[in-house]
Asks: 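Please see the structure below; I have some questions.
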Amino acid sequence: MKVLILGATGHVGSRLVTHLNRQGYETIAASRGRLNTNIPGRITLDSLNLEALTHYLKGVDAVVNCVAGDKHSIGKGADILVQAAIVAGKPKIIHLSTMSVYGGHEGNITESHAFDPTYGWYAAAKCEAETYMQKYAAAGGQVISFRPGCVHGPGSHLWVSRPANLLRTYRLGDLGDAGDGWSNLVHVDDVVRAIHVGLKISKKAGEALFYNLAAPDSPRWNQYLFDLANGIDATPIKRISRLQLKLDSKILSPAIKIAQILCRKARRDASWLPEPLPPSLSRLFEQHIFLNAEKFSNEYDFTYMSYAQSLQESISWYNDIKY
Amino acid sequence: MIKNISEIPSDTQLEADVCIIGSGAAGLAVALSLAGRGLKIILLESGTEVFSKKTQKLYAGELADEKLHSPPDKYRHRRFGGSTAIWGGRCMPFDPIDFKQRDYIPQSGWPITHADLAPYFPVANRLLEAGEYAYDADTVFGINKPMFQGFASDILMTNNMERFSCPTNVGSRYRQRLSLADDIQVILGANCTGIRLNTTADHVDHLDVASLDGKKMAVKAKQIVVATGGIEVARLLLASNDICKTGIGNQQDLVGRYYQCHIAGNLGKLTILGPTSNVRHGYEVSAEGIYCRRRLSLTEETQQKIKAGNMVARLHFPKIVDPSHKVGVLSGLFLAKNFISYEYGKRLKDGQASLSTYLKHFSNIILDPIDTFRFLYHWLTKRTLAKRKFPSVILSNKSNQFTLEIHSEQYPNPDSRITLIDECDALGMPRVKVDWRYLPADIESVRRSLDVFVEEFRKSGVGNFEFDASKLEEDLTRFGAYGGHHIGTARMGKDPETSVVDANCKVHHVDNLYIASSAVFPTSGQANPTLTIAALSLRLADHLAQKMQAPCQSKHVVI
């Protein structure tokens, strides 16, 4: 089976390429080429380029869409991918979506839950991308969308090194009721394995499949933050008040963000700047969304990595890059 | 779901699998633990999310002796989250010996053991935000941080530890979980005014519910859990006297009797030799950021040998009221006592102080400015502005001299009791009279323990402890019963002749009435009751789920 991977230098994409190669798949690892990488045989491909994309899609059985980026690359990118795939003879699409499509909803969320594109640009773009995937299915293509929770594990800046850096500087800690939401963590290798399972699924064309992905034993955020702090020697942790979180995310962090952009524009090093803590992050910590991922594990007998193991891998990775 | 009784039409009869009365530490532990198991749960709370004087006044009652006990509307809040809105946050479990029958303490012995509660203590500990369930300071902080450098004794332990909750108000902390739970209906402003039995008096038919604006309704539930404080449990059982004329569960005249608090006082003089760095008298912080503190306690075997109740002692400072301590911070506290809430200021008020006492305190502050400033800064940043609050005043140790703050078990006494009086509250419920009493045995028990302290410090060579034996009773009863710990009014036991509820907290002879409260504790132990209340409530929830054949929780709602 020949598979094209878009976004192959990203967190999920890079580990997916390695995994599939090891499993004997023939892969084409494609990226826009913004990131330096040592992935062998990587090609540079702008997924917004309809013609080039169609060319590559013609030669493969399946394509995995791991493209991240801004609103345009996510939304418009999905539109172009679907158009190209239809022209190229409808290879199977595995689309990496996100739990953000459920927006601010709380409670026990299964795949049939309504979308909420009003919850910020990211949710809007990801919702838009999913509608194109449904169009693909309607046009007779095979498509499987995965909606993972927070993808952590080795290499995860968002859910490992970012919170770890914030814990070390006492900007995160025990958040009390502001950290009572479920973390819905899923190890990057579980996402990779799920995609692998997806490649093997043969459903009749014209049907779109959607699966939430989250380890069922993921704790609430407070617990994860403490376990992480404990693993990286950032204890004793501090109780962080709502006021501090608010001041940090609404005043300090926007200033850091601006400074980062200015540094980048001036081609200066921005790594000395502290980690921003965006309002979307503090909003997530208190969102009581329990991403119910039973459907995928039940249908395909899929077992997630245990929380203890995934935590340990995340901690080891962080401690390795830090020291 | 959380709603107010005003949203429910008058004279409605609500139905549920389980109805819980009270939303404090006990009621919320039961509700959260029962969530997600396919049951329909109603939680009735008298108050709302804010404090209301009018609601609080429902607690008011009489005292037999004002010097011995605080008014029944103090140390409690009648609101969502219950008294966790004002508690001090001190957590420690009851010890194994507390559950045992001890021949030297009449009426002692629980129908359950420490092992029966052991699976629930860790969850209760997290629920109250006191961190990991670990109460051995030598394990948590290592033996390199001893209470006294070089102190060794086989019978006087220094590794016993207390942990502090934020203090967490369980109402605000778990509000969102409750409002999202589709199997829980929290009804605010809803007072249970009567438990109505069927005519054969072996089953609760329904609960009468009323609001302060005159709304009345009923709740019919398969299982009832009374999760109010120790005084209100007795009041509700005694006042529900339409079928059983002496009140529910009161065939043996036990409800309201054996009322216990704790025996507490600040006394003696402990002098430690050598540098002040030899003593760790304050708080340590655990990895989870929890304030922890070592206490002195006697081993189980020693307690049995000297026939004394359970007791702990913390290192404390000189008596605040006496300005001769010359410590600016203590004088500041003394002068500020009228600005501190009743519950926390009570033990600062000791008789009438003369003008010259006030002046001496004032001069202490002026003459000790650096320490006073340092203390105020610490208090402001670590307590006033902090969410996890520094638990109590800890002064820098300048002299290696301490007094001991004693917290001791009270012997069960049938004459110490809660009764109803003729006067009624705004809902027509009879008010209570609190007649708290202690026994000579309570004082003698402390005396025997302190004699061991004296001996063990002498033998250790690290210091010296002495106390004025002739003033012991005065020192231990100066402020009366330790406030807020209301224990024993519906005691737990195997025998219906000598107890009100059984080992599962079910009222004897009534098949669906349960009590989740310190009211069921047969004895008081050395520990503040909240953690054990929460653990016992979690155990009750499991029992109810099993009884109703509800499955285990699909996801961990409790922690």
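So you know, we letter chains A, B, ... as the sequences are listed, proteins then strands, and number each from 1. None of these values were measured; they are calculated from a predicted model.
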Asks: With a 4.5 angstrom heavy-atom cut-off, which part of B:Ser172 approaches chain A: side chain, backbone, both or neither?
Replies: backbone
Asks: Which residue out of A:Ser241, A:Ala229, A:Gly176 racks up the most heavy-atom pairs below 4.5 Å with chain B?
Replies: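 Heavy-atom pairs under 4.5 Å are most numerous for A:Gly176.
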Asks: Quick check on A:Glu286 against chain B: is it the side chain, the backbone, both or neither that has a heavy atom closer than 4.5 Å?
Replies: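 Neither part, no heavy atoms under 4.5 Å.
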Asks: Mind checking whether A:Tyr119 and A:Tyr102 have ring centres under 6.0 Å apart?
Replies: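 Ring-ring flag for A:Tyr119/A:Tyr102: false, centres at least 6.0 Å apart.
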Asks: Can B:Glu162 and B:Arg295 be counted as an ion pair, charged N to O under 4.0 angstrom?
Replies: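 Answer for the salt bridge query: yes.
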Asks: Given a strict heavy-atom distance threshold of 4.5 Å, which part of B:Glu129 is in contact with chain A: side chain, backbone, both, or neither?
Replies: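 Only the side chain of B:Glu129 comes within 4.5 Å of chain A.
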Asks: Could you check whether A:Phe210 and A:Phe146 have their ring centres less than 6.0 Å apart?
Replies: no
Asks: Ring-plane angle category for A:Phe302 and A:Tyr304, please: parallel below 30°, perpendicular beyond 60°, tilted otherwise.
Replies: perpendicular
